[in-house]
Q: 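The structure follows.
Nothing fancy with the numbering, it's 1 onward along the sequence.
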Amino acid sequence: MRAPDDPQGFIQANTRLLPVPYAPEIRLHVADEATELWQKTEDELQAIGLPPPFWAFAWAGGQALARYILDKPEVARGRRAVDFASGSGLVAIAAARAGARHVVASDLDPFAVAAIGINAAANGVAGRIAPVSADLLGTRPEADLVLAADVFYERDLAQAVTAWLIDLQAGGVTVLIGDPGRTYLPRERLECLATYAVPVSRALEDAEIKQSHVWRLQG
């Protein structure tokens, strides 16, 4: 195994480039065995304070949002987009393929930032995606479209993200969310645009198919 200070090497050594189940136009470097990679990152990388390898899987909300963007490219075409908590870069790649002018793909995990770059290159859109590790919460990014998938699983984070997204939406930014019904999703402020039956790993979720939704944040 490559050293923890070599994110690209670690990713390439522990994942395979495979089509995304619900968006097979896109290929990602993903883990074959979810629990094995999860344990490996805990054992080998915990000492330097890295979060679990969320970047190594195509989560249900991200698959739904990517599918929606690929099927309705007009939502992203020509726009400056931000994919918040991008993970693998799946949604950012979908936006770039749909014709977004530029996509900032943000994630605090340096391994995710590396994975975004690797996956963007594998899909031929590296030139239009900028992986960044900056914390965007509370900022006003230069974007007219903000995308967020699978980010409402923890209360404090969900509250902070919701407040930030509401502020951006009030300033004229379109906010689209992909989510399979996480506990802290702010449903009262959302309009459902689409629902999909997304295949996922039972090792990660509580079912092999997750009803996942694409939402638009409303004022």
Side-chain angles (χ1 to χ4, degrees), residues 1-63 65-66 69-70 81-98 100 102-137 141 147-151 153-154 157 178 198-205:
M1 187 180 68
R2 302 294 184 90
D5 61 356
D6 178 13
Q8 289 195 353
F10 182 89
I11 292 164
Q12 291 168 343
N14 292 281
T15 62
R16 283 200 301 151
L17 186 62
L18 296 172
V20 174
Y22 210 67
E25 304 96 317
I26 295 173
R27 298 184 301 159
L28 297 177
H29 286 83
V30 294
D32 282 330
E33 295 293 335
T35 52
E36 180 180 343
L37 180 58
W38 209 280
Q39 187 63 48
K40 183 174 290 187
T41 55
E42 285 186 352
D43 292 345
E44 301 293 333
L45 306 180
Q46 191 176 45
I48 56 175
L50 291 178
F54 295 114
W55 50 265
F57 311 100
W59 297 88
Q63 290 197 60
L65 187 50
I69 293 168
L70 291 170
V82 168
D83 180 22
F84 175 73
S86 185
S88 66
L90 169 58
V91 175
I93 292 166
R97 289 190 57 137
H102 182 70
V103 185
V104 171
S106 73
D107 203 289
L108 298 181
D109 182 353
F111 279 68
V113 173
I116 294 163
I118 293 171
N119 289 328
N123 288 276
V125 292
R128 277 185 287 150
I129 295 178
V132 301
S133 59
D135 184 356
L136 298 185
L137 287 181
L147 308 165
D150 300 293
V151 297
Y153 55 87
E154 193 273 329
L157 174 63
V198 179
V200 291
S201 169
R202 185 172 280 277
L204 298 173
E205 301 280 7

Q: Are the side chain of N119 and the backbone N or O of H29 linked by a donor-acceptor pair below 3.5 Å?
A: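 Such a contact is found between N119 side chain and H29 backbone.
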
Q: Kindly compute the distance separating OH (Y153) from CH2 (W59), expressed to the nearest 0.5 Å.
A: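 Nearest 0.5 Å value for the OH-CH2 distance: 9.0 Å.
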
Q: Looking only at heavy atoms, which two atoms of P24 and P21 are closest? And how far apart?
A: CD-O, 3.9 Å

Q: If you look at every heavy atom in V82 and P141, which pair is closest and at what distance?
A: CG2-CB, 3.9 Å

Q: L90 and side chain to side chain contact (heavy atoms under 4.5 Å, CB included): which single residue from I116, D83, L28 fits?
A: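 Of all the options given, the one that passes is L28.
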
Q: If you measure from CG on L70 to CG on L65, what distance do you get to the nearest 0.5 Å?
A: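 Rounded to the nearest 0.5 Å, the CG-CG separation comes to 9.5 Å.
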
Q: Counting N and O atoms only, with roles assigned by atom type, does the side chain of R97 sit under 3.5 Å from a partner on the main chain of I26, one being a donor and the other an acceptor?
A: no

Q: If every non-hydrogen atom of V91 is compared with every non-hydrogen atom of A66, which pair is closest and at what distance?
A: CG2-N, 4.4 Å

Q: Does any N or O in the side chain of Q63 come within less than 3.5 Å of the main-chain N or O of P199, such that one atom is a donor and the other an acceptor?
A: yes

Q: Can a donor-acceptor pair be found, under 3.5 Å and without considering hydrogens, that links the side chain of D150 to the backbone of G178?
A: no

Q: List the atom of A95, the atom of V103, and the distance in Å for their closest heavy-atom pair.
A: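 Of all heavy-atom pairs spanning A95 and V103, the closest is CB-CG2, 4.1 Å.
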
Q: Do you know the tightest heavy-atom contact between A120 and I93?
A: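 Distance-wise, the nearest heavy atoms are N-CD1, 3.9 Å.
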
Q: Which of these passes side chain to side chain contact (heavy atoms under 4.5 Å, CB included) with V30: L18, T15, I11, L17?
A: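 Answer after filtering L18, T15, I11, L17: L18.
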
Q: Say you draw a straight line from CG of D109 to OG of S86; how long is it, rounded to the nearest 0.5 Å?
A: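 Answer for the CG-OG pair, D109 versus S86, is 11.5 Å.
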
Q: Look up atom CG in D107 and atom OG in S133, then write down how far apart they are to the nearest 0.5 Å.
A: 9.0 Å

Q: What orientation do F10 and W55 show, parallel under 30°, tilted 30 to 60°, or perpendicular over 60°?
A: perpendicular

Q: For N123 and E25, work out which heavy atoms get closest and say how close.
A: OD1-O, 4.0 Å

